[in-house]
Q: 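Have a look at the structure that comes next, please.
Heavy atoms only: backbone and side chains are in, while hydrogens, waters and symmetry mates are out. Chain naming here is simple, since letters A, B, ... match the order of the sequence lines and numbering starts at 1 in each.
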Amino acid sequence: MDFTELLSFAIKNVFPSNILLASLLGMCSFLACSKKVNSATGLGIAVMFVLTITVPLNWCIYTFLLKEGALSWTGNPELAKLDLSFLNFICFIAVIAVMVQFVEMVIGKVSPSLYGSLGIFLPLIAVNCAILGSSLFMVEREYSFVESAVFGLSAGFGWMLAIVLIAAIRQKMRYSNVPDGLKGLGITMFITGLMAMAFMAFAGI
Amino acid sequence: MKFLANIFDSQRKHFEKGGKLEVFYPLFEAKETFLFTTPHRTHGGAHIRDAVDSKRFMSTVIVALLPCLIFGIYNIGYQYYAAQGLQADVMNYFCIGMWKALPIILVSYAVGGTWELLFALIRKHEINEGFLVTGLLLPLIVPPNIPLWQLALAVSFGVVIGKEVFGGTGMNIFNPALTARAFLFFAFASDISGSAPWTFLGGDLVMSAKQAVAGWSGATPLAIASEAIKGSSVESLMAFAPGDYSLTNMFIGLIPGSIGETSTLACLVGALILIATGIASARIIISIFLGGAVMGLIFNSVADGSSNAMLAMPFYYHYVMGGFAFGAVFMATDPVSAANTNLGKIIYGFFIGFIAVLIRVVNPAYPEGMMLAILFMNMSAPLIDHYVVQAHIKKRLSRG
């Protein structure tokens, strides 16, 4: 893949196949933490950071340890025959959890106010479906190392963009006279759908 | 006038609280304020004395839309005859145009108005004036051949999902007319995409089955330009035999396309009215054209050796093709869904033009990028405003 191809791959992951708006992954924190732009930005950056690190890292683990025949580099024919891919989930989750723990410590140290406003959703990044989902997409779509790195970064950026945009919209909508039954999450789901439509603008670039 | 006012005064008691027809107060109120200045005074904080309320505000937009509407009706007739290789006089053009355009406008107003009324009655708010504009904007951005049931679905989607669920006029995030148009675009893609015939050819309403001129395709200029082979968008527009796709003619607007969008000239007349009355923001309109120019120039500079013919097309061709001008003047300036801060308006407008040209040139599946560009920036407008306001606050604070 040359540079332009990677660029269009990245744009595709940020906009039309946005991990949140097209694959609907990571909805829970998206809906819960999108009331204020500042905390949404913080969470978005945290998710983007974790995704950027974990997807290529998991690629290494998968390619060199877990995939069928991955251990052939050891030179041992017995090991080379092994297929450890049933360990995918647990290994990926372990890597993600370590990264999230790290991010949590950094945020707690650097910005206690953000730490406070994110609350439980910061450690819950570990079980954010967008993050595990991206690692599993990486396996399923058989990305190369460079692709998986770009994928992690662009998927994370797309997720951040979506949550920041909806946070600004929800901030603006404080004064809207939404019908009772739709207040809160209901109307947020509507906005999410309309946003997904607008994100389709960049399909095919 | 006195006579009308008397009717309203004598009937008011039935509609006010405790009257027999209390439920229908929104309907009464809508009719009354449509004809007369509203008898209400502003409660609470605002102290601006002016007869302008949102109903007058919206009516001005309707006036500004008239040049586009009239030209669009004329153009339907013109294209109808041109497709058969005929010429006719002006009245014939208008008659054919009205035959096609009136049902579209009526369906749009009737369906949308019904939803509006339902919500007003159930939620007990006044009938929202915004629909006067939405109901006219949508017919102007659909192709003349649209099946009326699709239009009815789209209007329902635009009014209910695009606006009413957010609480009605003034609270929506996306422009309702564009939401409806995007719904059409994604739901009935094959009927409405750029290469399908955009000209009303008669169908069963003509007496004898007249045949279209051989070679008539009715393809819009945008479709021709984006399908052109390497480096020749302008040439293939020039060479397009069945229609005249020269720059001047596209500016005047005698080309196939959505009903109201073909004439850049009519849009500019509308823009003058809107800017002179202070309804639309000149900042937004100008920066949209600027954004389109910048993106066009960037593409021109990388056009050498690329297989995409549209890259080399001069940027002013984008202004006169498709809905660029119409979107810039009437859609993007919708004060509800646009950015509200001055700097924000410039950023918002610039990116609309930028993204519209980007989508048109780079994405072969979407020949018309304006609609999606405006929707995308509608979505981003609150964020732009947020950051502009934050920057102001920071600047003020640092000034001490």
Q: At their closest point, which heavy atom of A:A201 faces which heavy atom of B:I359, and how far apart are they?
A: O-CD1, 3.5 Å
Q: Tell me the closest heavy-atom pair linking A:L194 and B:I161, and the distance in Å.
A: CD1-O, 4.0 Å
Q: Does the side chain of A:M197 come within less than 4.5 Å of B:T179's, by heavy atoms?
A: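 Touching, per the 4.5 Å side-chain cut-off.
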Q: Is it the case that over 12 heavy atoms from other parts of the model lie below 6.0 angstrom from the CZ atom of B:F351?
A: no
Q: Distance from A:M195 atom CE to B:F174 atom CZ, nearest 0.5 Å?
A: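 Taking CE in A:M195 and CZ in B:F174, the distance rounds to 7.0 Å.
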Q: Scan the side chains in residues 158-179 of chain A for donor-acceptor partners under 3.5 Å anywhere in the protein, sequence neighbours excluded, and list what turns up.
A:
unit_1, atom_1, unit_2, atom_2, d
A:R170, NH1, A:L31, O, 3.0
A:R170, NH1, A:S34, OG, 2.8
A:Q171, OE1, B:H386, ND1, 3.1
A:K172, NZ, B:V336, O, 3.2
A:R174, NE, A:Q171, O, 3.1
A:N177, OD1, B:R123, NH2, 3.1

Q: Do the ring centers of B:F166 and A:F190 come within less than 6.0 Å of each other?
A: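 Here the rings of A:F190 and B:F166 have centres that are no less than 6.0 Å from each other.
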Q: Taking atom CZ as the centre, does A:R141 end up with more than 12 heavy-atom neighbours from other residues, nucleotides or ligands that are less than 6.0 angstrom away?
A: yes
Q: For B:I393, is the CD1 atom crowded, meaning more than 12 foreign heavy atoms sit under 6.0 Å from it?
A: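 Yes, CD1 of B:I393 has more than 12 neighbouring heavy atoms, counting only those of other groups under 6.0 Å.
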Q: Heavy atoms, side chains only, cut-off 4.5 Å: are A:F202 and B:L372 in contact?
A: no
Q: Against chain A, label B:I355 side chain, backbone, both or neither, depending on which of its atoms sit under 4.5 Å from a heavy atom there.
A: side chain
Q: Relative to chain B, which of A:V37, A:L182, A:D180, A:I191 shows the most heavy atom pairs under 4.5 Å?
A: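 Top option by heavy-atom pairs under 4.5 Å: A:V37.
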